Amino acid sequence: MQELSRRDFLAFLGAGATGAALGAPGLLLRPARAGRPDDAPRFTPVRLPHPLTIYTELASWLPSGPDGAGRTLPAAAQSELASYAVIDDVVVPPEYETYVILSWGDRVYANPHDYCGYNHDWTGFAALRGRLDGYLFVNHEYVSYPWEDAFAAVVGFTPESPREAAGEALYNVGGSLVRIRRTLQDPQYRVVGRDPANRRYHGLSGLAINADVGGVTRWGPRPHQEGDAAYFVGTGPAAREVFAAVDGDGLGNRIIGTQANCSGGMTPWNSFMSAEENFQSAVTEAVLPTGIQVGYLPDSVGARFGLAGEKYGWMVEIDPARMNDPAYRPKKHTALGRFRHENIALRACHGRRLVAYMGDDRRGGHTWKFVSHGCYDQYAGSANSALLEAGTLHVARYHADGTGEWIPIEPGTRTVPNVPSELTARQLALSGRIDRGGLVKLPRRAGLAGADADGGTIDVTVDNEAEVLAAYRGKRLADFYDSLGAALVDCFPVGNLVGGTPTARPEDIEVHPHTNAVFIAYTDGVPGDDGYPDSRIFTVQKYTAAIDEAQPSGGLYKIIERSADGTGRSFRWERFVKGGEAGAEDGAGFANVDNLAFDRAGNLWGVTDMSTSHHNGFTTGADPGLRTIDHGGTEAADQLVGVFGNNWLFHVPSQGELAGQIVPFAYGPVRCELTGPTFIGDTLILSVQHPGEDMPITETAPATLTRSVELLTLRGEAVFEQQRTVPYTSQWPRRINGTTAGGVTTALPQPATIGIRRRDGQGLDFL
């Protein structure tokens with residue numbers, strides 16, 4: 001069981017994380033009041049279905065229905081619940097309330113024909129006049145069922161052709177920029193409808209430029225379906241050396257739209273950075289040595305609309321300060337590399353080079369750092385954007401002794417490809433098996449390892465590494481790519497080629513506001529089709545049949561740069577907590593940690609990203625099956641995430657008697673993911689993504705599903721059975737009526753962005 005002392009947690013935050021940063025030492029060491037820690041949060045922790053230490057120390061809030069129904073459970077030495085009813089709502093402590101700010105289908109934009117996209121994700125806020133007024137940016141990551149079945153009721157029409165349906169799918173991704181405002185009399189943020197700056201950025205923005213190459217310029221008969229000229233542009237090496245010089249699609253350095261927008265980050269000059277993540281299902285990821293795609297995916301939306309794969313998978317900058325400049329174009333910064341970007345975290349100090357940290361969210365993906373050539377000027381405003389156009393990208397190499405190095409991506413960088421038998425050494429020693437053969441993907445080149453063509457990747461495993469790796473060692477990146485720009489288009493195999501550590505799906509990365517420590521959420525250590533996380537660094541399997549064995553449910557890590565300004569090439573790394581049940585070895589009590597955020601006091605917040613098809617141990621579809629939950633098994637233990645139920649938001653205090661404790665704050669609706677936490681004074685902005693995902697909207701579906709779930713006790717000495725009742729699908733936020741059966745109206749689920757604030761309205765900060 002994971003037990004962190006206050007000293008452990010403060011040490012993890014970083015050397016010097018005391019005094020002014022976290023409060024005077026005396027405040028940290030004050031004794032607890034009888035029956036309650038002295039610095040306990042000003043809220044009642046939400047009661048989740050699984051045991052947590054916090055429930056033995058504080059009273060908790062057990063929900064019993066939507067809209068705040070519930071009751072308080074007293075602290076108890078035993079925190080195991082024999083039964084639990086999941087509630088289809090954003091459940092928050094009774095001291096707080098929630099409200100919807102922006103939801104799918106809302107028509108609030110300067111163009112009256114535009115509407116809000118689907119699957120809200122990351123949020124960012126750029127203030128205009130303090131915290132009461134500013135621009136909110138919301139990512140729209142992808143579309144998923146029941147998008148198509150709810151579309152007509154929410155949006156107001158039905159696509160009439162395959163092209164129109166495909167176009168609407170691309171229109172529903174990207175992002176929304178809207179102005180929000182609150183007043184002293186009305187504390188809830190509301191969208192300023194039809195504000196001139198309100199606009200949609202989507203997968204077909206700028207489609208009109210296809211006229212120059214004889215391509216498709218509209219996807220349907222409606223006004224918003226006619227292609228516009230709002231295209232994007234690239235900056236940096238790939239824009240010059242691939243988009244313009246090779247020009248695979250005939251459009252040069254002009255780009256149609258943005259898609260697969262997952263997380264992101266704010267720049268110090270108050271622009272939005274939106275991350276293009278899982279673009280590979282829509283457009284081609286594989287590229288040639290020149291950096292252009294190997295070809296269009298058959299029957300893909302990329303082929304249908306002429307979307308060249310090399311132009312997606314980037315960090316996109318949108319600057320609200322330049323909305324009124326007719327010459328302004330949103331930028332895709334290619335110096336930051338092309339991969340499945342989860343987010344970006346910037347470290348900026350006046351007169352020093354800018355540092356950016358990023359993760360490639362795939363199994364075996366790498367951790368990245370960009371260092372600008374120029375220096376940040378805190379007085380230069382938007383002109384600092386140029387820093388993202390020129391610099392050096394590095395990939396992280398972790399060593400098992402807690403040290404690490406940043407490997408630069410440059411034409412002269414030597415190739416030291418990852419070795420499957422080395423990556424898998426710990427799994428083999430502990431369990432006697434190797435998953436996926438320790439898969440490593442390297443760029444395929446004609447004449448190397450028997451390949452007869454260029455482009456894409458080859459698979460290297462323990463079975464063929466001896467014959468393959470000899471052909472890849474001792475070369476330079478320039479032997480594989482025609483230019484630096486081309487290498488930056490192909491970062492994933494490049495990272496493997498130069499020896500970057502394959503990791504456990506790096507999701508969010510954040511720089512601590514007081515210590516500059518780099519916090520990384522690695523969400524899932526199970527190997528997959530893309531690659532194998534280094535088992536010397538990450539837990540990739542439940543290694544033994546012991547019920548309290550460590551679970552490969554990700555974890556929270558930290559990088560401490562050895563250079564004072566973060567621009568150097570060496571670092572130390574530590575693991576703060578592992579994912580998994582609290583009773584498991586080193587288990588923190590959560591699985592699949594994703595987005596992270598720090599509030600003004602330096603407290604850590606995080607959300608979980610458990611796969612929809614594992615929630616509460618049920619599969620998806622019309623007739624959900626039961627997933628096996630067996631603590632005595634040794635399979636890839638992602639099956640065990642079913643014990644946690646729905647995705648949720650947790651708080652980790654940075655000071656006081658509860659420092660380092662996992663304190664649940666919010667529990668999401670059925671089959672959803674909570675994403676994009678952003679603090680604006682006393683308000684937390686949060687997105688609710690894909691409620692009811694992959695569950696049919698039908699009058700004949702049962703109201704609830706029930707099963708027995710095996711959970712680990714808090715101390716890990718035994719398992720117990722819990723009867724779990726779960727709504728069949730989600731009706732959150734109950735704004736659009738759907739079907740009616742037997743006098744009962746079923747509401748349609750809608751992704752949305754919400755605000756959370758204290759009911760009493762007291763205080764300038766959220767807590």
Side-chain angles (χ1 to χ4, degrees), residues 1-6 9 32-64 68-87 90-96 548 551 553 577-591 593 603-608 610 616 631 640-653 656-668 709-725 767:
M1 176 182 175
Q2 177 80 11
E3 291 190 2
L4 285 169
S5 69
R6 181 172 65 254
F9 182 70
R33 294 191 298 269
R36 181 177 175 84
D38 188 48
D39 285 305
R42 294 176 59 225
F43 65 85
T44 306
V46 168
R47 191 61 174 256
L48 304 178
H50 57 284
L52 288 171
T53 300
I54 195 68
Y55 301 141
T56 69
E57 301 177 5
L58 296 179
S60 58
W61 179 252
L62 179 67
S64 60
R71 61 189 175 94
T72 300
L73 298 182
Q78 299 297 319
S79 63
E80 292 82 15
L81 297 177
S83 63
Y84 192 91
V86 172
I87 305 302
V90 179
V91 176
V92 295
E95 297 86 358
Y96 285 78
D548 61 347
Q551 300 170 10
S553 302
V577 289
K578 273 186 53 59
E581 292 167 89
E585 180 183 346
D586 293 335
F590 59 69
V593 59
N603 301 304
L604 178 66
W605 298 75
V607 295
T608 66
M610 298 178 292
N616 293 290
H631 287 81
L640 296 180
V641 302
V643 306
F644 297 99
N646 296 0
N647 280 310
W648 49 291
L649 166 73
F650 60 83
H651 163 67
V652 184
E657 294 299 310
L658 296 178
Q661 285 264 26
I662 304 298
V663 186
F665 182 87
Y667 198 46
V709 176
E710 180 184 277
L711 294 94
L712 196 59
T713 60
L714 186 59
R715 293 297 170 186
E717 75 281 2
V719 295
F720 69 98
E721 296 292 323
Q722 179 187 88
Q723 288 300 116
R724 186 85 53 88
T725 302
L767 292 181

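Note that the coordinates shown come from a computational prediction; the quantities given were computed from them, not determined experimentally. Computed from heavy atoms alone, side chains included, the values below leave out hydrogens, waters and symmetry copies.
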Out of curiosity, [X] [atom1] to [Y] [atom2], how far, rounded to the nearest 0.5 Å?
X      : Y      : atom1 : atom2 : value
Leu48  : Phe650 : CG    : CZ    : 11.5 Å
Leu58  : Thr72  : CG    : OG1   : 12.0 Å
Asn603 : Leu658 : CG    : CG    : 11.0 Å
Glu80  : Glu721 : CD    : CD    : 13.0 Å
Met610 : Asn616 : CE    : CG    : 8.0 Å

Kindly indicate whether the side chain of [X], heavy atoms from C-beta on, has any atom under 4.5 Å from the side chain of [Y].
X      : Y      : value
Asp548 : Glu585 : no
Glu581 : His50  : no
Pro653 : Val663 : yes
Ser553 : Val641 : yes

Residues two or more places apart in sequence or in another chain: which of them pass side-chain hydrogen bond (donor to acceptor under 3.5 Å, both in side chains) with Asn647? Thr608, His615
Partners passing side-chain hydrogen bond (donor to acceptor under 3.5 Å, both in side chains) against Glu710 (at least two apart in sequence or in another chain): His631
Backbone N/O of Gly668 and side chain of Asn646: donor-acceptor pair under 3.5 Å: yes
Would you say that more than 12 heavy atoms from the other residues, nucleotides or ligands in this model lie under 6.0 Å from the CD of Glu717, or not? yes
Please name the residue in the list Leu712, Thr713, Leu711 that meets the side-chain contact (heavy atoms from CB on, under 4.5 Å) test with Pro51. Leu711
In Trp648, Phe590, Trp61, the residue satisfying side-chain contact (heavy atoms from CB on, under 4.5 Å) with Pro664 is Trp648
Return the set of residues passing side-chain contact (heavy atoms from CB on, under 4.5 Å) with [X] (not counting sequence neighbours), or none when no residue passes.
X      : answer
Thr56  : Thr53, Ser79, Leu714
Gln723 : Ser83, Thr706, Ser708
Pro49  : Tyr84, Tyr667, Gln722, Arg724

Check ring-ring contact (aromatic ring centres under 6.0 Å, His included) between Trp605 and all other residues, then give those that pass, not counting sequence neighbours. His651, Phe665, Phe679, Phe766
With sequence neighbours left out, the residues meeting ring-ring contact (aromatic ring centres under 6.0 Å, His included) with Tyr55 are none
Heavy-atom closest contact ([X] atom, [Y] atom, distance):
X     : Y      : answer
Ala59 : Thr44  : O-CG2, 3.6 Å
Pro63 : Ile87  : CB-CG1, 3.8 Å
Leu52 : Ala582 : CD2-CB, 4.4 Å

Side chain to side chain contact (heavy atoms under 4.5 Å, CB included) assessment of Glu57 paired with Gln661: CA-CA 11 Å; Glu57 301 177 5; Gln661 285 264 26; 3.0 Å; yes
Anything under 30° is parallel, anything over 60° is perpendicular, the rest tilted; go ahead and classify Phe43 against Tyr96. perpendicular
